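Below is one structure, written out as structure tokens, with a few remarks after it.
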Amino acid sequence: MKSFFNSIKIKLLLILLVFGLVPFVLFSALALWTFYLYPEAMGLAVYVRFGFFVILVILSIILAALVLSRKTTEPLQEMIDVFTAVREGDLNARVKIATKDELGEVARTFNGMADRLKKLYASLERRVQQKTRALRDKVLKIQQEKAKDEAILKSIGEGIIVTDNQGNIVLSNRVAQEILGWGGQVFSGKPLSSAMTLQDENGVPIPRDKDLFQLVLARLQSVSGTYYYSLPDRPLFPLIVLASPVILNRKMTGVTMVFRDVTKEKEVERMKNEFVSLVSHQLRTPLSAMKWFSEILLAGDVGHLNSEQNEFIGNIAQLNERMIDLVNALLNISRIDSGRIIIDPVPTNLPQLIQEVLTSLQKKIAMKHLQLTVRIKESLPLIKIDPKLIREVYSNLLSNAVKYTPNGGEISVFISEKEGSIVSQVTDTGYGIPPQEQRKIFQKFYRGSNVVSVETDGNGLGLYLVKSIVESSGGAIWFKSKLGEGSSFWFSLPKKGSKSKKGDVSLSS
Ligand code: ADP
């Protein structure tokens, strides 16, 4: 009923009927009233004719109203049809009303809107197509990159595991699965700690706070080291592991672990160490004998030597001494590298230890007229270190300072306490180390290009040994040097002391 009266057509029809019929009904009523007033003038035939006339007029009015309302609302219906077609997506539908009245205006406005909509739609479609094409290209590129990454991952000889930032495995390559003996098990989504339990050299699992994932998480930088792993059918074997954070938009999104089974390398290293150790050992006996014989000769125990003979034997004794130093250094390095060295920490008085080293260097210091400064923090507690090893550290650093400082220079030793460590500093005003060579300073056999011709006495093994000793005593070593101005070496030792280590050899001196 409601929608019936909502129709414009019906409304118009009603209006036309009301406006057409009401005047006519009034007119008919007036006529009837007139007939009533003058009955003598009226016959039945007049009434009948009047009745026909009234019915005819009423029917004509209804017909005219119907036709008029229909004619008036026809364009509206057409518009509704076209609007509906456009709404349904037919953007070519247009209203075909060309009249100049308001309806014609509405039709033109609508047709203009439809034209604009069509253009907008077309340009939108073009843009969507462009974007879709670009997106498709991107997806293709990503797929190609992914395929490339997967191919690289497969072909890499190292084991690779990628985790998310919760430590759950997201990806692993075949080599990783083989090394870790997963045997076809799927570890994707599982915690790294359950799929790769690293151990120390004694087979003790690495504690959670030293776990590589946790270290990377805490430091947000790469961490590497040698760890051990075992399988049911394979006892402990070494792995070199590098763990790096995966950073995306300055946020850590995971960790990449790259690792390699270094059993063979370790074996080769062990054989090399054994060889060096054996050769050094064999050389020590004849060298000691030569030293002994030259000392006898120089002392004149087997007859007086003339000055020339004395000079020659003296040279032989000196060169022999250098050979003994080299052989000892090689022997010590092979012992340290093999991990067989004993670390036997005992409460040690550091100032006293330094004094002993300085006494042994006293002659050289005096000969070069070097000015020596020693400043040691008062009431320094005894520290639990292996005195034999740490003496070697001071001895090397101080003898380098003496060796690489020209006559009349200064050398100083400072000892201080800093956040759980005791820090020793050895500074000189010597030749310094060329900046481009500084990264090689702790490498075996490195000798500075600025000193090889000035100071021939050296084998480039001292600092390597020093670094190995400091690190195996739980400390760290670093330096600063300026060419032509001097160098400073620092090393720290933990105040709580070094950890003892069982082994089967000690340093030879
Ligand atoms: P060596 O002194 O027997 O050559 P080291 O391993 O002790 O071996 O030192 C390696 C090299 O480092 C030296 O040859 C020298 O070039 C440089 N170096 C070490 N200490 C100093 C120093 N205090 N001043 C200048 N150069 C130094």
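Sequential numbering from 1 along the given sequence is applied to the chain's residues. Both backbone and side-chain heavy atoms feed into the values below; hydrogens, waters and symmetry mates do not. Ligands are counted one by one from 1 in listed order, and the atoms in each one are counted from 1 as well. Because the structure is a prediction, the values reported are computed rather than measured.
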Residue set satisfying ring pair (Phe, Tyr, Trp, His ring centres under 6.0 Å) with Y227, at least two apart, ordered chain then number -> none

Let me know which protein residues bring a heavy atom to under 4.0 Å of ligand 1; chain then number is fine for ordering. N400, K403, Y404, D428, G432, I433, I441, Y446, R447, G448, V451, G458, N459, G460, L461, G462, L463, S487, F489

Are side-chain N/O atoms of N450 and Y404 paired as donor and acceptor at under 3.5 Å? no

Just jot down the side chain to side chain contact (heavy atoms under 4.5 Å, CB included) partners of P235, sequence neighbours excluded, or say none. none

For the residue pair F479 and F489, does the interplanar ring angle fall in the parallel (under 30°), tilted (30 to 60°) or perpendicular (over 60°) class? parallel

Restricting to side chain to side chain contact (heavy atoms under 4.5 Å, CB included), what partner residues turn up for E356, sequence neighbours left out? Q352, R391

Could you tell me if the side chain of Y228 sits less than 4.5 Å from the side chain of L239, heavy atoms only? no

